[in-house]
There are 2 protein chains.
Amino acid sequence: MPKQVTIQDVAREAGTSVSTVSRVLTGSARVSKAKRVAVEEAIARLGFRPSHVARSLRTHATFSVGLLVNDITNPFFSALARGAEEEAIRRGYSMMLCNTDNDPDRELQYLRMVRDKRVDGIIFGPTGANGAQIAQIVGSIPLVMIDRRIDEVPAAAVVADNEGGAYRAACALIQRGYHRLGIVAWLPPMETLAHRVTGIHRALSGHDIPIESAPIIRVSRIEPKEVRRVVREWLTERLEAGDAPSALFALNNQLGLGTLRALRDLGLKIPDEMGLMVFDDLEFFEVTLPPISAVAMPARQMGQRAMRHLLDRLEKPGEHLHEVTVLPTEVRIRQSI
Amino acid sequence: MPKQVTIQDVAREAGTSVSTVSRVLTGSARVSKAKRVAVEEAIARLGFRPSHVARSLRTHATFSVGLLVNDITNPFFSALARGAEEEAIRRGYSMMLCNTDNDPDRELQYLRMVRDKRVDGIIFGPTGANGAQIAQIVGSIPLVMIDRRIDEVPAAAVVADNEGGAYRAACALIQRGYHRLGIVAWLPPMETLAHRVTGIHRALSGHDIPIESAPIIRVSRIEPKEVRRVVREWLTERLEAGDAPSALFALNNQLGLGTLRALRDLGLKIPDEMGLMVFDDLEFFEVTLPPISAVAMPARQMGQRAMRHLLDRLEKPGEHLHEVTVLPTEVRIRQSI
DNA sequence: TGTTAGTATGAAATCGATTTCACAAATGGG
DNA sequence: CCCATTTGTGAAATCGATTTCATACTAACA
């Protein structure tokens, strides 16, 4: 392995001191034209590239941020990661990808890791657990929450307008005559999902429909097969009892996909025998059988805004206001209702 | 911002020297029981966490690797990233995510960045361009290519069995009576796509069908709208001329999605009026209208294998054989043929 | 009991950059 | 023409860990 060329080598080659070389690298002080070109030529000749790790040790800045998300294979998070990454690279930062898999232990493990690696900041889609521990690990590292928030940790946040989107989507359902809604939700209590439920309830109340008439189907694991099974069994039972809802509202894209499959298993015609609305739109909902109505979240933009927020704060560390940015959602009506 | 606690503080608190603290941290030499517990208690009391950046400077290892892929929002790459990340975290490494967006300039920019950050290794899905420059930038950093390869850069690679998968899929088409195939491809010459074409050609030849009867539709930009437009126009023309193919074979998932939309634009019944086969399966192809037959690549496993390969090589730097791992593909027949 | 081998430890060097400090040379104002 | 700035430069300190080296102490053996 050929030894890395260091700033020392450059200084020697250019016939000057390391201080001067460092000055031309960082532009932190004036250097005479002659010396500058000598250094630049030496750098080019030797193919020198300053070591970020040495630099970081001295300057206490690594120019890297950690991105903790549930699961990058979920299109919502990959779009979000993309947005964040674009903003990061544009401003000279790199991004460490961490999949927490909604596992609180992995979440803690990863937080410790990025903290030990001295990232300058963290963008964090929390599982919702370990509030106190997280606050303690993160300490004073700048942090922006995405999608969800944790009360114990003081930080800025970028979230979607969950309640508003759910409200407008539910209104759309109701206006089309779907008055009996079934809500497909995930078991763990999460602020995000709670807001969506609130939005639906608000729509029901606004149309004088009792919210008790909209049962919530709770799935414990969000894995496709499980969702499909649970929804199918729940629906079968309700159909037999004769009090099935006329439309289902799935609270995220994975629940939506599982619900779609369950409906197809039961041979229910969408949208005639059962309406379907999903929170969190996917490109593919446009080409499913039938195309599915959904509430679209600006995932990419959320990532970008979160990263921008974080880097702005890093670059001018004056006020660190923990503001919450709420981005609008869009209801897209397709053939499923 | 409260000052970070350093190894010096721990040494003072434990009433010993930094050398001894370092020894209990790394376990590199024996330390008496008494001192060890004193140090451990001091560490716990102060909440000390050793700085990875200082450690890296000294040991020349950062325990981080760069992952360069085309676009993380493409499900193939996000599954691949997931596999790679799992293996990385399991072995104590972290991963920097870099989207090259198939832009050779961004690719170079990112390679320079991860090299300057002194990553221990790189997992690289190349655009195919800048062979010589890449070799020069990467220098002696261990590297594993994924999905595609570059001749100029000596490195191991993990790829899918493109030719075999395409061959078997084409056979399936031919057996079902689709003898006139249209191949939807991307314009830039890429080894991966070339192999897929080769597989299709081999299937045709094996069934005594001249390969000239299988025209290739070349799309310049892989963006959904563009694919849709090009395929639609091409097909319209062929239908009018009366020599349209009986089935289309799209060479990756994005081309497949665009092609599906084009077929729906034209109102062609799948699979009766036109068959459809896509290389690179997506979860969603199961619920499209109609469900689409596809060749599945083991994306997650590819990522995992690439990472395992890389880390194995980092951990025992003996033989660095640049072997090519070919993982099997699976043809999944659904209602589109 | 004297010599030797082994164990535990701390002082100091090191990794590769940035930054402070001291100082010489150049510049400028009166 | 002298003193006060300004400018350019290199030596040395620094960041926070690991590792080498020297040394004091123990245990073991003849």
- prompt: Strictly by modelled atom types, are A:T62 and A:D120 linked by a side-chain donor-acceptor pair under 3.5 Å?
  reply: yes
Counting primed atoms, P, OP1 and OP2 as sugar-phosphate and everything else as base, the B/S/- map of nucleotides 7-17 of chain D against protein heavy atoms under 4.0 Å is -SBBBBBBBBS
Can you confirm whether the side chains of B:T127 and B:N102 place a donor and an acceptor under 3.5 Å from each other?
no
Check: Are B:R305 and B:D312 close enough for a salt bridge, meaning some N to O gap below 4.0 Å?
Finding: no
Discussion item. Would you call the rings of B:Y93 and B:F63 parallel, tilted or perpendicular, taking 30° and 60° as the class edges?
Written reply: tilted
**Message:** Salt bridge check, A:K33 against A:E40: does any charged N sit closer than 4.0 Å to a carboxylate O?
**Reply:** no
Given Watson-Crick and G-U pairs under 3.5 Å, DNA chain C in dot-bracket ([ ] crossing, | other strand) is ||||||||||||||||||||||||||||||
- Message: Taking the basic N atoms (NZ, or NE/NH1/NH2) and the acidic carboxylate oxygens, is any pair closer than 4.0 Å for B:R300 and B:E86?
- Response: yes
Would you say the side chains of A:K117 and B:S64 form a donor-acceptor pair under 3.5 Å? no
